[in-house]
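For ligands, and for the atoms within them, numbers begin at 1 and follow the listed sequence.
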Amino acid sequence: MPGSFEEVYAQSLNDPESFWAQAAEDVHWYKKWDKVLDDSRRPFYRWFTGGVVNSCYNALDLHVENGRADQPALIYDSPVTGTVKTFTYRELLDQVARFSGVLADQGVEKGDRVIIYMPMVPEAVIAMLACARIGAIHSVVFGGFAANELATRIDDSKPKLIVSASCGIEGNRIVSYKPLLDKAIEIAATKPGRCIVLQRPQEQASMIAGRDLDWSELMASAEPVDCVPVAATDPLYILYTSGTTGIPKGVVRDNGGHLVALKWSMKNIYGVDPGEVYWAASDVGWIVGHSYIVYAPLFSGCTTVLYEGKPVGTPDPGAFWRVISQHGVSVLFTAPTGIRALKREDPNGEFIRKYDLSRFRTLFLAGERVDPDTLVWAQEQINAPVIDHWWQTESGWPIGSNCIGIEMYPVKPGSCTKAVPGYDVRVLDDNGKEVANNQIGNIVVKLPLPPGCLPTLWNNDAGYQESYLDAYPGHYVTADAGYKDEDGYLWIMGRTDDIINVAGHRLSTGGMEEVLSSHPNVAECAVVGVADEIKGEIPLGFAVLKAGAAPADDLIVQELVQMVREEIGAFASFKVATIVKRLPKTRSGKILRGTMKNIADGVEYRIPATIDDPLVLDEIAQALITLGYPR
Ligand code: COA
Ligand code: AMP
């Protein structure tokens, strides 16, 4: 799309239908849409109604037919197993079509849900695309989630089948997945009929006869099946994300809008052409993995990298630069936390200079706020643009970015640059009135959201409206706070709800509080996110005990830490908690979590006028000092 950024942006808002219809010409349709933007059921907008597509066809078959059959589609690079394996588009298509055959043999049909609970192995990508191929709806659950979280997702999505693996590998630790899967099915009310398990050489899982099937055995005799055409508005996947309670929200993604938006984003936001190597160092269990490990690069005919490792320790802080130079990566997308870890372990960039980065062009960061120091450090070390961009599971692709494929703007460290074409981003005060430049407020997007964004929550239209649309009618609430400056740059400063970002992983402190509250000795509790040098934020727990005899405080704290690990997952990094006599509250009984966070972070704060007893803040400050806060 030619023109300056301002022109493209204006066109996307002034005439969204022709803007997205033009973008949609770039994808394969079995039948074109009747309506580009269907607003007949406001506020539930739908894109490309009447259109018929297949996302897997666009990701694989189309490229094989158009001359990319022998181009690498996916490079699996796994320092933790010492493996590098490349799949061409032809090979990936063959695997996917055969796994679709396996699913079909097991009775999976269009519209059925399939949960994928897997580590970062190519089979996870194959399973996702195989579902898309036959119109089944996948729901990938991040491998770091504990059994309880998996069970919640099983009960909400009611899968016909689950695809899993014997184990994941975290550095040099083997994480057994199968016992977690078995436990989750035991806890869940819904019992999926079949589980397909990939036995990895590092660990053999024990199988339950009559329910569990071996991936390799099934694939050995599988017949490939063809793509099933689906409606553009049919769901492609459900991805659960943290809400304000322990119950996750099932974000739904459709086929048509997602396809159009993601393909458009590769060229216009990331500046990537077909045939280039694009690497998102995330996990397939998160939105970044869905959109930018799997779908967008493959829709665009790029080579995508699936990396099973960490930025540091697998084996050293040169890992990212080794992958970039070995595979000729043009663009890397990762979370700021990874860069902070590199900055700590390789402050002078000695590991960076060991590798040939001549083909590397741009580093994109998202998932949490990037502190200006880290961004500037990265810019200086790699001598390439570092682009902070902002988005959410719900949007599925960037809301705010420097769209370098259209026109690159000067980088202002700490800002994600401007609203992306398609998103009419506004900053409102609590009464819904737009605020002036440089004034912080609630960041919302005026409806309709562009294609690719969530049309609703799984089986929960009312929850969608309540969570995102009710607060400011006509607008989608991002639940982020921030401001626009005089140049129209967006500055995202933090969440307005109780979501925290721990090493780029989205978590609900409310969910953690629910776990702590279930401890028999805990009367009430609070969890707040406090600043962490590497992970951005980490959770910190405060518990008030019930009256009467109780084990020693230290023992209870240990139990609380273990409970969060077992019920949510180790990745929550819940390692610090303290027992206090009282929690600070307003006179109406609301716990002053924000004030507690400020004390822990050593940030200046005002004692709220509505506080019940200001002395409690002193007690909290004292407890924090004992824990070493502020740092
Ligand atoms: N399966 C099982 N366990 C997992 C897991 C997974 N997929 N991912 C993380 N964990 C566990 C880890 O093993 C660790 O366990 P431990 O407490 O026993 O050590 C715990 O969860 C915390 O893991 P992690 O958040 O990875 O922290 P770390 O200290 O091991 O490493 C970083 C620190 C910064 C290197 C790492 O957090 C990192 O690379 N983060 C980037 C994450 C990312 O890409 N997020 C982006 C989403 S867009
Ligand atoms: P997730 O749904 O896991 O992608 O998390 C989305 C949330 O992460 C957003 O609502 C923001 O709070 C935060 N976030 C993501 N990217 C950025 C960014 N570039 N700057 C600031 N916050 C970000």
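Residue E308 does not touch ligand 1, judged by heavy-atom distances below 4.0 Å. Neither the backbone nor the side chain of H505 has a heavy atom within less than 4.0 Å of ligand 2. Here V288 has no heavy atoms under 4.0 Å from ligand 2, in either its backbone or its side chain. Contact annotation: for A570 versus ligand 1, heavy atoms closer than 4.0 Å belong to both the backbone and the side chain. Heavy atoms of T393 found under 4.0 angstrom from ligand 2 belong to the backbone as well as the side chain. Of all the heavy atoms of Q392, the ones lying under 4.0 Å from any atom of ligand 2 are found in both the backbone and the side chain. With a 4.0 Å heavy-atom cut-off, ligand 2 is reached by the side chain of I287 but not by its N, CA, C or O.
Taking the six-membered ring where the residue is Trp, the centroids of W390 and F364 are separated by 6.0 Å or more. Taking the centre of each ring, H327 and W279 stay at or above the 6.0 Å mark.
What sits closest to atom 40 (N) of ligand 1 on the protein, heavy atoms only, is T337 CG2, 3.5 Å. Scanning all protein heavy atoms for the shortest distance to atom 3 (N) of ligand 1 gives E170 CG, 3.7 Å. Here the protein heavy atom with the shortest distance to atom 45 (N) of ligand 1 is A503 O, 3.3 Å. The protein non-hydrogen atom at the shortest distance from atom 6 (C) of ligand 2 is W391 O, 3.5 Å. Taking atom 18 (C) of ligand 2 as the reference point, the nearest protein heavy-atom neighbour is E368 O, 3.4 Å. Nearest protein heavy-atom contact of atom 38 (C) of ligand 1 is P311 CD, 4.1 Å. Scanning the protein for heavy atoms near atom 28 (P) of ligand 1, the closest one is K535 NZ, 3.9 Å. The protein heavy-atom contact nearest to atom 8 (O) of ligand 2 is N501 ND2, 3.0 Å. Nearest non-hydrogen protein atom to atom 24 (P) of ligand 1 is K310 NZ, 3.7 Å. For atom 15 (O) of ligand 1, the nearest non-hydrogen atom of the protein is R173 NH2, 3.4 Å. For atom 16 (N) of ligand 2, the closest non-hydrogen atom on the protein side is G367 N, 3.1 Å. Scanning the protein heavy atoms around atom 44 (O) of ligand 1, the nearest turns out to be A281 O, 3.5 Å.
Distances between N or O atoms of I534 and those of ligand 1 include no value under 3.5 Å. Ligand 1 has a nitrogen or oxygen under 3.5 angstrom from a nitrogen or oxygen of R565. Considering both main-chain and side-chain atoms, I492 never comes within under 3.5 Å of ligand 2 through any nitrogen or oxygen pair. Of the N or O atoms in R506, one or more lie within a sub-3.5 Å distance of an N or O in ligand 2. Distances between N or O atoms of T241 and those of ligand 2 include no value under 3.5 Å. Checking only distances, T334 never comes within under 3.5 Å of ligand 1, N or O to N or O.
Look at R153 and E149 and you find a salt bridge, because one of the NZ, NE, NH1 or NH2 atoms lies within 4.0 Å of a carboxylate O, short of that distance. Residues D424 and R426 are paired through a salt bridge, judged by an N-O separation under 4.0 Å between the basic side chain and the carboxylate. Note on R340 versus E345: no salt bridge recorded, every NZ/NE/NH1/NH2 to OD/OE distance being 4.0 Å or above. Remark: K310 engages E170 in a salt bridge, criterion side-chain N to carboxylate O under 4.0 Å. Under 4.0 Å is where a charged nitrogen must lie from a carboxylate oxygen, and between K418 and E407 no such pair does.
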As a quick check of understanding, evaluate side chain to side chain contact (heavy atoms under 4.5 Å, CB included) for D498 and S508, giving each step before the final call. CA-CA 6 Å; D498 66 356; S508 155; 4.0 Å; yes
After noting the C-alpha distance and the side-chain angles of T478 and Q392, does the key distance pass the side-chain hydrogen bond (donor to acceptor under 3.5 Å, both in side chains) rule? CA-CA 8 Å; T478 66; Q392 318 181 301; 4.6 Å; no
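Less than 4.0 angstrom separates some heavy atom of F571 from each of these atoms of ligand 1: 9 (C), 20 (C), 21 (O), 22 (C). Ligand 2 places these atoms under 4.0 Å from at least one heavy atom of D388: 18 (C), 19 (N). Residue-ligand proximity, H389 to ligand 2, at heavy-atom distances under 4.0 Å covers atoms 16 (N), 18 (C), 19 (N). Proximity to R495 (heavy-atom distance under 4.0 Å) selects the following atoms of ligand 2: 9 (C), 10 (O), 12 (O).
Not a single heavy atom of G168 sits less than 4.0 Å from an atom of ligand 1. No heavy atom of M120 sits closer than 4.0 Å to any atom of ligand 1.
The side-chain tip of K412 points at the ring of Y489 from less than 6.0 angstrom away and within 45° of straight on. By the 6.0 Å and 45° rule, R322 does not stack over the aromatic ring of F351.
Within 4.0 Å of atom 42 (C) of ligand 1, at least one protein heavy atom is present.
Between T334 and L363 there is a side-chain heavy-atom pair separated by less than 4.5 Å. No side-chain heavy atom of S164 sits under 4.5 Å from any side-chain heavy atom of L198.
Between Y278 and Y292, the two ring planes are tilted [angle within 30° to 60°]. The aromatic rings of Y237 and H290 are tilted relative to each other, their planes meeting at an angle between 30° and 60°. Using cut-offs of 30° and 60° for the angle between ring planes, the Y117 and Y177 rings count as tilted. Classified by interplanar angle (parallel below 30°, tilted 30° to 60°, perpendicular above 60°), the ring pair H138/Y295 is parallel.
Under a 3.5 Å cut-off, the side chain of D346 and the backbone N or O of L342 do not form any donor-acceptor pair.
Within 6.0 Å of the CD atom in Q326, the count of heavy atoms belonging to other residues, nucleotides or ligands exceeds 12.
Remark: among candidates L507, I500, D480, the nearest residue to atom 10 (O) of ligand 2 is D480, based on non-hydrogen atoms.
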